[in-house]
Chemist: 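After the structure tokens below, expect a handful of questions from me.
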2 protein chains.
Amino acid sequence: MKHKGIPDETIRRLPVYLRGLIFLQEGGQDRISSSKLGDFVGVQSWQIRKDFSYFGEFGVRGVGYEIKKLIDGIKEILKLNKVQNAALVGAGNLGSAILSYPGFELYGFNVTMAFDNNAKKIGKKIKSIEIMDVSKLDILKKKNVRLGIIAVPRSEAQEIANALVKAGVKGILNFSPCYIMVPKKVKVMTIDIAGYLARMPYYTLNG
Amino acid sequence: MKHKGIPDETIRRLPVYLRGLIFLQEGGQDRISSSKLGDFVGVQSWQIRKDFSYFGEFGVRGVGYEIKKLIDGIKEILKLNKVQNAALVGAGNLGSAILSYPGFELYGFNVTMAFDNNAKKIGKKIKSIEIMDVSKLDILKKKNVRLGIIAVPRSEAQEIANALVKAGVKGILNFSPCYIMVPKKVKVMTIDIAGYLARMPYYTLNG
DNA sequence: CTATGTGAATTTATTCACAGCA
DNA sequence: TGCTGTGAATAAATTCACATAG
């Protein structure tokens, strides 16, 4: 299930490296050193070397890393090689933005389905994706969708999560500002947007 | 500048506690134990007690915590007592959603200004906020706005950050998927939405 | 000479176990 | 008795320093 002994923080940084490397590759580059990559993505060079070292030897001493090899390696570690579909629940302002968000593609994700409980929205399309009734979430099982994205009001988040789990979802990306309880086999990651902002004054207001 | 010896992880959890406590208070409750609060927000009870203990004695042994006292205490620690204004740059899909996001208010934030470089958007309003030309960012200095939110394409993020810093901003919440370089005195927090999703398969695809 | 890879040292954060107090 | 507060133990992550290899 989880590579043993690999720090979660290392896993957190891998998508950052991957994004940077893909960008560099698109720029025509095919080799890079840990310190150049570090400058580019905002991580110290020894941190990068340490992170890669958990998975074997990716580089060549005295030379650096071959970008293609690193990209392939990180994709394999993160299991990003096959395109995966995700379903969005909650087609409000934030949900609609997520549905149109161009950044998922880079990592091989497609948000292919959307659900809402608002009769006025059901049947409408956003970016060619038809919004379906949230009571039809079970269809995810048939469509083999294993990732759910929650962007509903806090008061509805837990029941949506329950429905997603029942529909066979293995991972939930939760934008609702609340704790969500799920069976241990399901992975929840919560992005608490306001929570980030709430920490700002602590770090910026001196005194 | 920063309380010394306080783990950053403790600071990260404080907004979570605060949100839960406000919710409980609105429900008419005025006292709670660390384990009940922990169940509610998804944190272990000892972790909560430890976190609070860094700032003195908030509770009463054998009894629990007075919710109002905790709320006031956390707000003071995080410096959330005075309402703060923030400015958004980038009024695309994600930016518009952020402008309408109802979750900031809880912590005392107002997104009061918005900027874009698209002539078609400038002058239009979203939620009664007029979108201004990004070249007018300097106005933040006059308006005493000290927080900036970046929701522009990656290619523009760094120059927008530079302009925000020049306009006197002390903290930047960055939704663009890239590293941003700023002077040390400025705090940047990046929310890499796709990066979260990119870690999902690692945790959910067994084998 | 350059840049990786990695044990060891250090720092940071979590977890425990129980003393202390209403 | 019940629940907080905290020193001590453990675990996790970062940082260093340098051996190693092209």
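Here is the naming used below: chain letters follow the sequence lines, and residue numbers restart at 1 for every chain.
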Chemist: If I take atom CD in residue A/Glu9 and atom C1' in nucleotide C/dA13, what distance separates them, rounded to the nearest angstrom?
Modeler: 11 Å
Chemist: Supply the atom-to-atom distance B/Ile22 CD1 to B/Leu70 CG, rounded to the nearest 0.5 angstrom.
Modeler: 11.5 Å
Chemist: Does A/Tyr179 have any side-chain hydrogen bond (donor to acceptor under 3.5 Å, both in side chains) partners at least two apart in sequence or in another chain, and if so, which?
Modeler: none
Chemist: Along DNA chain D, 5' to 3', what are the outermost nucleotides having an atom less than 4.0 Å from a heavy atom of chain A?
Modeler: D/dA13 to D/dG22
Chemist: Could you state the interatomic distance from NZ (A/Lys69) to CZ (A/Arg31), rounded to the nearest 0.5 Å?
Modeler: 12.5 Å
Chemist: Heavy atom of residues 31-53 of chain A under 4.0 Å from DNA chain C: which residues?
Modeler: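 The answer is A/Ser33, A/Ser34, A/Arg49, A/Lys50, A/Ser53.
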Chemist: Give, ordered by number, those residues of residues 60-74 of chain B having at least one heavy-atom distance below 4.0 Å to an atom of DNA chain D; if nothing qualifies, reply none.
Modeler: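 Of all residues in residues 60-74 of chain B, the ones placing a heavy atom under 4.0 Å from DNA chain D are B/Val60, B/Arg61, B/Gly62, B/Val63, B/Gly64, B/Tyr65.
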Chemist: For DNA chain D, what residues of residues 188-200 of chain A have any heavy atom nearer than 4.0 Å?
Modeler: none
Chemist: Looking at every non-hydrogen atom in both residues, tell me the closest pair between A/Leu88 and A/Gly95 and how far apart they are.
Modeler: CD2-O, 3.3 Å
Chemist: What pairs with B/Asp39 under side-chain hydrogen bond (donor to acceptor under 3.5 Å, both in side chains), at least two apart in sequence or on another chain?
Modeler: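 Checked B/Asp39 against side-chain hydrogen bond (donor to acceptor under 3.5 Å, both in side chains); zero matches.
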Chemist: So B/Lys143 and B/Asn85, side chain to side chain contact (heavy atoms under 4.5 Å, CB included) or not? Walk me through it.
Modeler: CA-CA 9 Å; B/Lys143 298 278 184 179; B/Asn85 295 330; over 6 Å; no
Chemist: Look at all strands and tell whether A/Arg12 reaches a base, only sugar-phosphate, or nothing, counting heavy atoms closer than 4.0 Å.
Modeler: nothing
Chemist: Stepwise, does the side chain to side chain contact (heavy atoms under 4.5 Å, CB included) test hold for B/Met200 with A/Gln84?
Modeler: CA-CA 10 Å; B/Met200 228 20 129; A/Gln84 285 190 72; over 6 Å; no
Chemist: Judged by modelled atom types alone, do A/Thr112 and A/Asn110 share a side-chain donor-acceptor pair under 3.5 Å?
Modeler: no
Chemist: Any chance you could lay out the side chain to side chain contact (heavy atoms under 4.5 Å, CB included) test for A/Phe55 and A/Thr10, step after step, and finish with the verdict?
Modeler: CA-CA 11 Å; A/Phe55 306 100; A/Thr10 291; 4.1 Å; yes
Chemist: With a 4.0 Å cut-off, would you call B/Asp72 and B/Lys68 a salt bridge?
Modeler: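 Here B/Asp72 pairs with B/Lys68 in a salt bridge, since their nearest N and O are under 4.0 Å apart.
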Chemist: Scan side-chain atoms only and decide if B/Asp192 and B/Thr190 contain a donor-acceptor pair under the 3.5 Å cut-off.
Modeler: no
Chemist: Looking only at heavy atoms, what is the nearest atom pair of B/Ile172 and B/Val169, with distance?
Modeler: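 Result for this residue pair: CG1-CG1, 3.9 Å.
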Chemist: Checking ring pair (Phe, Tyr, Trp, His ring centres under 6.0 Å) against B/Tyr65, which of B/Tyr17, B/Phe58, B/Phe52 comes through?
Modeler: B/Phe52
